[in-house]
**Q** 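Quick one: this structure, given as structure tokens, is what I'll be asking you about.
Everything numeric here is computed off the predicted structure, so don't read it as measured data.
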Amino acid sequence: MTPGEMEMVEVFTSEGKGRGLQAAKEFWAGDVIFAEPAYAAVVFDSLTHLVCHTCFKRQEKLHRCGQCKFAHYCDRTCQKDAWLNHKHECSAIKEHGKAPNENIRLAARIMWRIEREGGGLTEGCLVSIDDLQNHVENFGEEEKKELRADVESFLNFWPPQSQQFGMQYISHIFGVINCNGFTLSDQRGLQAVGVGVFPNLCLVNHDCWPNCTVIFNNGKIELRALGKISPGEELTVSYVDFLNVSEERRQQLQKQYYFDCTCEHCQKGIKDDLMLAVKEGENKPSQDVVKEVLQFSKDTLEKINKARSEGVYHEVVKLCRECLKKQEPVLGDTNIYLLRILSIASEVLSYLQMFEEASGYAKRMVDGYMKIYHPNNAQLGMAVMRAGVTHWHASLIEAGHGMICKAYAILLVTHGPTHPITKDLEVMRVQSEMELRMFQQNEFMYYKMREAALKNQKIQVMPEPTNEAPSGLFHTKQ
């Protein structure tokens, strides 16, 4: 955080929440309140050879560290920039014989930085690592067992020549990682690739209907305003996906972050009625029928997760179609169980290049999301973008262009104009606008030209569907 950015926010005591951050000046939608580099960050274990360990970009060819053979980098520049943080890690990996898991690696990187700079306030930080909450006292038996195992693994990895820390302090660091580790995405914001600790971000409290969002862009997190924020107003972000009824969100927040959410949306159950909507009118289903369909939906989602993890996508499509047949006469258009199935169906059918069917499901999903999500929600923007691309592939150019424009407007606020995904979207927006004009002038000619163009170029295939549910803001160990 620059000195200028530090003047834009103030640490204060938030009623019932402890410390928080408030605005010291007025902000508008899309304003970057502050940007913050990671205090320490690591790539996930499963992606260490696919993602640069400095900038977290996915690359086809990465340069491997010649010493430890573990760290990978885009080029010499990234390798040189990493050396201060990698130097001790490099020799420890060589000595240990192999790299430990991501949790141990992150704890070690934090400790080496503390060894260099001390545990107090560092430049650009409003709070020190020592002062961050660890919630170790709230851990259950299973979490305590995992903590003991982590501490033991850490001590096996930590070199004897480095500064030695007490068990309590090591436990504090693991507690900080457990509840404050922020998930880092690749350069296009489409896949979670690592985890880092950002002390200033840790001061921003949760609200289910927040006034800010967090995005990882060009090696830093950005806290961005979602609308007008007045001086003295608390800055908030959502730690969990809003697409859950208030009771489920509260349970998730208590389990993951150890607090009871008292935001207005939770206290008043705002939007719960939409998320649990059932068909109205003369064909209104009985409570027993609704209960049966919801249970069928939950069971189907479990089967879908299994089929997705095995890559059996035609089975996923079959399960979605069967579930929708049961849901459609009973559940309302905004019911979250219907929306979850529509989302999976549209994503997997797009991957299988069955764009016409996928676009119908995508349209219904977006219509439901628009009634539930905050108008400037990043997940809404990404969903509308995917739906727009699906419509474009299905030759539904008017609807596709409309969705791409809508997504672009949302992502300008949530991601900003310099983010790679917004830049990609701008190119798509210009292209679809040009195609739409051509389509309106001569429909027959447009389809002929499109057909010829698609024959000559490899069709843009949708990325393979992931089995990941939208994660919370902070990374938790699986």
Side-chain angles (χ1 to χ4, degrees), residues 30 32-60 62 72-74 78 82 102-103 105-106 109 177 180-198 200-202 204 210 212-224 226 237-243 256 343 347 373 376-386 389 407-408 410-426 428 462-478:
V32 177
I33 296 165
F34 66 77
E36 180 182 13
Y39 183 86
V42 294
V43 173
F44 286 150
D45 295 338
S46 57
L47 299 169
T48 52
H49 59 299
L50 301 170
V51 172
C52 174
H53 289 218
T54 301
C55 67
F56 293 87
K57 288 178 181 173
R58 281 186 77 106
Q59 302 284 8
E60 284 295 310
L62 292 168
H72 288 72
Y73 304 103
C74 297
C78 276
E102 63 214 30
N103 242 32
R105 286 186 289 118
L106 182 54
R109 283 193 164 213
I177 292 169
N180 292 298
F182 178 79
T183 308
L184 306 178
S185 57
D186 62 7
Q187 65 269 38
R188 295 186 71 238
L190 297 175
Q191 188 191 6
V193 296
V195 57
V197 170
F198 299 81
N200 296 333
L201 177 63
C202 296
V204 183
C212 297
T213 190
V214 187
I215 210 76
F216 187 61
N217 186 16
N218 201 25
K220 293 181 179 180
I221 60 101
E222 293 176 349
L223 184 72
R224 306 180 67 89
L226 294 178
V237 291
S238 182
Y239 293 1
V240 294
D241 183 25
F242 184 68
L243 206 67
Q256 224 169 308
S343 172
E347 186 189 357
Y373 275 121
N376 283 333
N377 179 287
Q379 278 171 306
L380 171 65
M382 297 294 276
V384 177
M385 179 188 77
R386 284 195 296 269
V389 173
Y408 183 65
I410 297 170
L411 263 59
L412 273 178
V413 172
T414 60
H415 290 61
T418 65
H419 195 283
I421 200 85
T422 318
K423 288 180 177 175
D424 285 353
L425 203 46
E426 167 66 351
M428 284 157 57
M462 296 298 201
E464 188 168 350
T466 65
N467 208 26
E468 293 171 17
S471 60
L473 179 70
F474 294 102
H475 171 72
T476 46
K477 199 168 61 163
Q478 297 305 308

**Q** To the nearest 0.5 angstrom, please state how far the CZ atom of F216 sits from the CG atom of L184.
**A**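 The CG atom of L184 is 4.5 Å from CZ of F216, to the nearest 0.5 Å.
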**Q** Look up atom NE2 in H49 and atom CG in L47, then write down how far apart they are to the nearest 0.5 Å.
**A** 7.5 Å
**Q** Say you draw a straight line from CD of Q379 to CG of L243; how long is it, rounded to the nearest 0.5 Å?
**A** 8.0 Å
**Q** Are side-chain heavy atoms of E36 and L223 found at a separation under 4.5 Å?
**A**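 The answer is no; the side chains never approach within 4.5 Å.
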**Q** Is there a donor-acceptor contact under 3.5 Å from the side chain of T414 to the main chain of A378?
**A** no
**Q** Is the closest side-chain heavy-atom distance between V197 and F182 below 4.5 Å?
**A** no
**Q** Of the non-hydrogen atoms in N377 and I410, which two are nearest, and what is the gap between them?
**A**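 That would be O-CG2, 3.5 Å.
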**Q** Take M385 and D424, measure what side chain to side chain contact (heavy atoms under 4.5 Å, CB included) needs, and give me the verdict at the end.
**A** CA-CA 11 Å; M385 179 188 77; D424 285 353; over 6 Å; no
**Q** Measure the shortest side-chain to side-chain distance between T213 and E222 over non-hydrogen atoms and say whether it is less than 4.5 angstrom.
**A** no
**Q** Is the shortest side-chain heavy-atom distance between I33 and C212 below 4.5 Å?
**A** yes
**Q** Please check: side-chain N/O of R58 versus main-chain N/O of L50, any donor-acceptor pairing under 3.5 Å?
**A**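 Absent.
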**Q** Taking atom CD1 of I221 and atom CG of N200, what is their separation to the nearest 0.5 Å?
**A** 7.5 Å
**Q** I need the minimum non-hydrogen distance between R109 and A40, along with the two atoms involved.
**A** CB-CB, 4.0 Å
**Q** Can M428 and V389 be said to form a side chain to side chain contact (heavy atoms under 4.5 Å, CB included), step by step?
**A** CA-CA 9 Å; M428 284 157 57; V389 173; 2.9 Å; yes
**Q** State the CD1-NE2 distance between I215 and H415, to the nearest 0.5 angstrom.
**A** 3.0 Å
**Q** If you define the side chain from C-beta out and look only at heavy atoms, does anything of H72 sit under 4.5 Å from V43?
**A**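 Not touching, per the 4.5 Å side-chain cut-off.
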**Q** Could you walk me through whether D241 and Y373 pass side chain to side chain donor-acceptor pair (under 3.5 Å), step by step?
**A** CA-CA 10 Å; D241 183 25; Y373 275 121; 2.8 Å; yes
**Q** About how many Å separate CZ of F56 and SG of C74, when rounded to the nearest 0.5 Å?
**A** 11.0 Å
**Q** So do the side chains of F198 and N180 get within less than 4.5 Å of each other, counting heavy atoms only?
**A**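 With C-beta onward as the side chain, the pair stays apart.
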**Q** Step by step, work out the side chain to side chain contact (heavy atoms under 4.5 Å, CB included) result for Y408 and T422.
**A** CA-CA 7 Å; Y408 183 65; T422 318; 3.8 Å; yes
**Q** Do the side chains of T48 and H53 get nearer than 4.5 Å, heavy atoms only?
**A** yes
**Q** Within the structure provided, determine whether T418 and N218 are in side-chain contact (heavy-atom separation under 4.5 Å).
**A** no
